[in-house]
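Order of the sequence lines sets the chain letters (A, B, ...), proteins ahead of strands, with each chain counted from 1.
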There are 2 protein chains.
Amino acid sequence: MEIPDPIKKQVEKKGGLEGIIKLMPEEGELRLQSKIHHSLSDPLRVKILNLLSIQPLCVCLIKEITEVADSKLSYHLSVLKENGMIEGEEQGNWIIYKTTKLGDKFSL
Amino acid sequence: MEIPDPIKKQVEKKGGLEGIIKLMPEEGELRLQSKIHHSLSDPLRVKILNLLSIQPLCVCLIKEITEVADSKLSYHLSVLKENGMIEGEEQGNWIIYKTTKLGDKFSL
DNA sequence: ATAGTAATTCAAATTATCTTGAAATGCTAA
DNA sequence: TTAGCATTTCAAGATAATTTGAATTACTAT
């Protein structure tokens, strides 16, 4: 295979393709990163994350603010929760959701 | 609607639901953020972004390193490009892709 | 017991995304 | 002008994510 010359030199300086591959994150890390990003790949989930970064809230208030159906909200909360962006704590009748440390990193 | 008491007080301190809603990012911003995250919601795309953050490369070398089919690679490059993570520059026979400033922010 | 509220779960339908192989584009060299 | 390489595009099929409404769980108050 031919390769553009300036690239060829730069690549060789880094130990060739082998050298570059060694500098790359592992597959597991790539999967993890992509999952984190997937959890924020929907505008409603970004909205919920930012909402909870302002103020921990019960599902009923999140629902009131976002104006989405119960089951839809529950689904998106579960995606955020499963990916470590938010966590929920039972408090009497309600479940109060709030952002995790990881979630805080991604709120605006 | 009833609301857990501590939450009720905190919400009122922030100007009620109205006050909280005012603190939220706009819909356009939420959409933009979700698109950015979507562009990194696939492990192959995270891999390509990180690869290019090490070293700008022609498509043929990205292909060699990632071992994916031409058309698949092209598709994922286009997603990254359309979302402003990478940019391509023609150089003679080849197109050299590299990360953008935005892309750099998201590489590991 | 009955009804009401908060929240989740489930399966079905819908929609979005990804993969594949073939065809196309554009460029270079013989 | 034919062949070859680098890359993209296209349409079809395959897979995955999201939405919906109904059912369910669990808890409280009547």
Pairs touching residues 47-84 of chain A that satisfy ring-ring contact (aromatic ring centres under 6.0 Å, His included), sequence neighbours left out: none

Partners passing side chain to side chain donor-acceptor pair (under 3.5 Å) against B:T99 (at least two apart in sequence or in another chain): B:D104

Nucleotides 20-30 of chain C: protein proximity per nucleotide (B base, S sugar-phosphate only, - neither; heavy atom, under 4.0 Å): BBB-----S--

A:S53 to A:N50 - nearest heavy-atom pair and separation: OG-O, 2.8 Å

Within residues 24-55 of chain A: residues closer than 4.0 Å to DNA chain D (heavy atoms): A:H38, A:R45

A:L57 vs A:I96, side-chain contact (heavy atoms from CB on, under 4.5 Å): CA-CA, chis, key distance, verdict: CA-CA 5 Å; A:L57 290 170; A:I96 309 297; 5.9 Å; no

B:E89 and B:Q91, any side-chain heavy atoms less than 4.5 Å apart: yes

Atom-to-atom span, NE2 of A:H76 to P of C:dT8 - whole angstrom: 13 Å

Integer-rounded Å distance: D:dC5 P and B:I95 CD1: 18 Å

Separation between CD1 of A:I21 and NZ of A:K14, rounded to the nearest 0.5 Å: 14.0 Å

Which residues share a side-chain contact (heavy atoms from CB on, under 4.5 Å) with B:K35, sequence neighbours left out: B:N83

A:I3 CD1 - D:dC5 P separation (whole Å): 14 Å

Euclidean distance, A:L108 CG relative to B:Q33 CD, rounded to 0.5 Å: 4.5 Å

Whole angstrom value for the distance that separates C1' of C:dC18 from CG of B:L73: 14 Å

Spacing of B:L77 atom CG relative to C:dC18 atom P, expressed in whole Å: 13 Å

Pairs satisfying ring-ring contact (aromatic ring centres under 6.0 Å, His included), at least one member in residues 14-72 of chain A, at least two apart: A:H37-B:H37, A:H37-B:F106

Rounded distance (Å) that lies between atom P of D:dC5 and atom CG of B:D70: 12 Å

Nearest-angstrom distance from the residue atom CG of A:L61 to P of C:dT5: 15 Å

Gap between atoms CD1 and C1', on A:I96 and C:dA7 respectively (whole Å): 12 Å

